Amino acid sequence: MKAKLIDGYPYLDYSPPTKTDEDILKTSIDYFEKMSKRRSVRDFSDKDISIEVIKNIVKTAGTAPSGANKQPWTFCIVKDPEIKSKIRLAAEQEEKESYEARMSKEWLEDLKHLGTNWQKPFLETAPYLIVVFKKVYDLDERGQKRNNYYVQESLGIACGILISAIQNAGLVTLTHTPSPMNFLSKILNRPSNEKPYLLLPVGHPASECWVPDIHRKNMEEITEIY
Ligand code: IYR
């Protein structure tokens, strides 16, 4: 690979293999078709998955772009049934309070057609939980704070890539956001510069798995072409 210095910094010549226009079109259609089959799933099978698969999915998420390339994320992979039980218990406690007291009438109304409630059995049934933490700042070797940039955006992109890698592998997930989420920092013993961002159960769908009959907006609804 060719390399050189620009303004004193190392650069590499980037020349990925080029594809034909026809190949690019076909690949884009195939990927859309694969991704359009994705559904948020709440009925999980307890069928195990190889940790290698989960590691590959997380590695893929770690390819995301981030502000100043700080990669301000930690992906906690949880397989231990005891930890999963603790997470379920704590999440259900918060969710019960949310559904019964904290969420507005409008919010509850907006969720009705999705059939959600405070109970989260999938947090124990799914073979893996991936708990994503954002690093609000970094700590250097001397314990000094170092800034991170566009942390929300960076994490959103990384989680998007994580979800697409899960779909690509043939598995299912749910973007679960129990609220508030600080119990995750305690259970997983995370340092103070990390804040919980998203909790994703990952697995196979249950043999009987129902998803709401909802529809995606079409091209015209989501696009303006200039
Ligand atoms: N966090 C709750 C509520 C919830 C909120 C939204 I916005 C959803 O799209 C779905 C659920 C829960 O996980 O049940």
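The structure presented is a predicted model; accordingly, all values stated were derived computationally and were not measured. Atoms within each ligand, like the ligands themselves, are counted from 1 in listed order.
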Quick check: His176 and ligand 1, any N/O pair under 3.5 Å apart? yes
Taking atom 7 (I) of ligand 1 as the reference point, the nearest protein heavy atom with its distance: Trp107 NE1, 3.6 Å
Of all the non-hydrogen atoms in the protein, which one sits nearest to atom 4 (C) of ligand 1, and at what distance? Leu111 CD1, 3.6 Å
Applying the side chain to side chain contact (heavy atoms under 4.5 Å, CB included) test to Ile166, which of Val202, Val53, Ile161, Val172 qualifies? Val202
Output yes when Arg190 and Glu194 qualify as a salt bridge under the 4.0 Å nitrogen-oxygen rule, no when they do not. yes
Other residues, nucleotides, ligands: >12 heavy atoms within 6.0 Å of Gln144 CD: yes
Quick one: look up the protein heavy atom nearest atom 12 (C) of ligand 1 and list residue, atom name and how far away it is. Glu95 OE2, 2.7 Å
Could you check whether any heavy atom of Tyr99 sits closer than 4.0 Å to an atom of ligand 1, since that is the contact criterion I want to use? yes
Using modelled atom types only, decide if a donor and an acceptor are shared between the side chain of Asn168 and the backbone of Ser164 within a distance under 3.5 Å. no
Quick one: look at Trp118 and ligand 1, take heavy-atom pairs under 4.0 Å, and tell me if it's side chain, backbone, both or neither. neither
Test your reading of the structure: does Lys120 have an N or O sitting under 3.5 Å from an N or O of ligand 1? yes
Quick one: pull up OH in Tyr197 and CD in Gln152 and give me the separation to the nearest 0.5 Å. 5.0 Å
When you measure from the side chain of Thr125 to the backbone N and O of Ser45, does any donor-acceptor pair fall under 3.5 Å? no
